[in-house]
Amino acid sequence: SQQGEEDPQALSIQEGENATMNCSYKTSINNLQWYRQNSGRGLVHLILIRSNEREKHSGRLRVTLDTSKKSSSLLITASRAADTASYFCATGGSYIPTFGRGTSLIVHP
Amino acid sequence: DTGVSQNPRHKITKRGQNVTFRCDPISEHNRLYWYRQTLGQGPEFLTYFQNEAQLEKSRLLSDRFSAERPKGSFSTLEIQRTEQGDSAMYLCASSLKSADEQYFGPGTRLTVT
């Protein structure tokens, strides 16, 4: 079973728009990570947020974490066609992260 | 390129054959992970090494699967008597003991015919 579940499963936007995807999880965590995967490739680590943090920024990425609701969101601002990929959240209760099914993002040029 | 590498990138085999995949992690990383990913799913954990010790194995890892990391550097994943259900992308990742961020290789895509 996969603890992290991303929503929506698919998202289609125009270049320049913002993209928001959400992750819900079930049990307590030490941290939550977001990864990106381009079609047929390995995953790339984007950002990690710890359970005692509420918000974190990295370039055009903004991640929030609400431990009371057991949810996180990833915001990509001013999206680009190159952001087209699948995005996964991974919850870390121990040293083995548990991945969700991902959100497939398509950014149209 | 000092990232995680995996070989081969693609493998097509007939049902019943054995296959072996190799993963070379980032050199200073002492943790190494194997995952399996099928279409439309996220990576599913298979097994984990810290240095040469295999510390945890998923229930997904049947007795047909075996993994080694003999000198705490590269790792191999062997699947014996392959089945069509083994068709998937096999991903390797590595990390530092002190960090949670994992660095993934490009994966080995296995097709069992």
Side-chain angles (χ1 to χ4, degrees), chain A residues 1-10 21-26 29-53 56 58 61 63 65 72 74 85-106, chain B residues 1 3-7 9-10 21 23-26 29-51 53-61 87-111:
Chain A
S1 64
Q2 296 178 302
Q3 171 166 224
E5 291 294 337
E6 295 86 349
D7 174 66
Q9 288 188 335
M21 52 204 84
N22 304 295
C23 170
S24 60
Y25 58 92
K26 297 173 184 174
I29 59 172
N30 293 334
N31 62 68
L32 187 143
Q33 303 174 52
W34 286 91
Y35 288 81
R36 182 188 73 223
Q37 185 177 35
N38 292 91
S39 179
R41 308 283 294 276
L43 281 75
V44 174
H45 184 267
L46 296 175
I47 198 164
L48 179 150
I49 187 166
R50 301 198 183 279
S51 59
N52 61 353
E53 297 176 309
K56 204 162 183 180
S58 177
L61 305 180
V63 168
L65 178 64
S72 173
L74 170 67
S86 292
Y87 292 81
F88 296 91
C89 68
T91 52
S94 63
Y95 43 78
I96 299 173
T98 304
F99 289 85
R101 290 187 174 86
T103 291
S104 176
L105 173 66
I106 297 175
Chain B
D1 187 354
V4 178
S5 62
Q6 292 186 246
N7 288 289
R9 295 292 306 277
H10 303 273
F21 309 141
C23 171
D24 287 88
I26 294 172
H29 286 184
N30 44 21
R31 290 182 176 175
L32 187 148
Y33 303 77
W34 284 99
Y35 294 88
R36 181 173 68 190
Q37 185 179 27
T38 53
L39 194 63
Q41 301 292 318
E44 293 178 298
F45 169 75
L46 292 179
T47 190
Y48 152 72
F49 290 85
Q50 184 160 297
N51 300 314
Q54 188 174 18
L55 296 186
E56 192 153 340
K57 294 193 294 185
S58 164
R59 286 172 293 177
L60 292 174
L61 212 67
S87 294
M89 175 78 88
Y90 290 84
L91 294 165
C92 174
S94 69
S95 71
L96 287 168
K97 181 179 179 181
S98 58
D100 294 304
E101 297 92 331
Q102 296 191 1
Y103 294 80
F104 281 80
T108 295
R109 183 170 295 284
L110 173 67
T111 302

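In what follows, chains are A, B, ... by sequence order, proteins preceding strands, each numbered from 1.
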| Side chain of B:Q6, backbone of B:G107: donor and acceptor closer than 3.5 Å? | yes

| task | Examine whether an atom of B:Q50 lies under 4.5 Å from a heavy atom of chain A, and if so say whether it belongs to the side chain, the backbone or both; otherwise answer neither. | result | neither

| message | Taking atom NZ as the centre, does A:K56 end up with more than 12 heavy-atom neighbours from other residues, nucleotides or ligands that are less than 6.0 angstrom away? | response | yes

| task | Among B:Q37, B:E101, B:M89, B:R9, single out the residue with the greatest number of heavy-atom pairs under 4.5 Å to chain A. | result | B:E101

| request: Look at the aromatic rings of B:F21 and B:Y90 and report parallel, tilted or perpendicular, splitting at 30° and 60°. | output: tilted

| Between A:E6 and chain B, which part of the residue has a heavy atom less than 4.5 Å away: side chain, backbone, both or neither? | neither

| task | Kindly assign one of parallel, tilted or perpendicular to the pair B:Y35 and B:F104, based on the angle between their ring planes and the thresholds 30° and 60°. | result | tilted

| note | Bottom line for A:L48: the part with an atom under 4.5 Å from chain B's heavy atoms is side chain

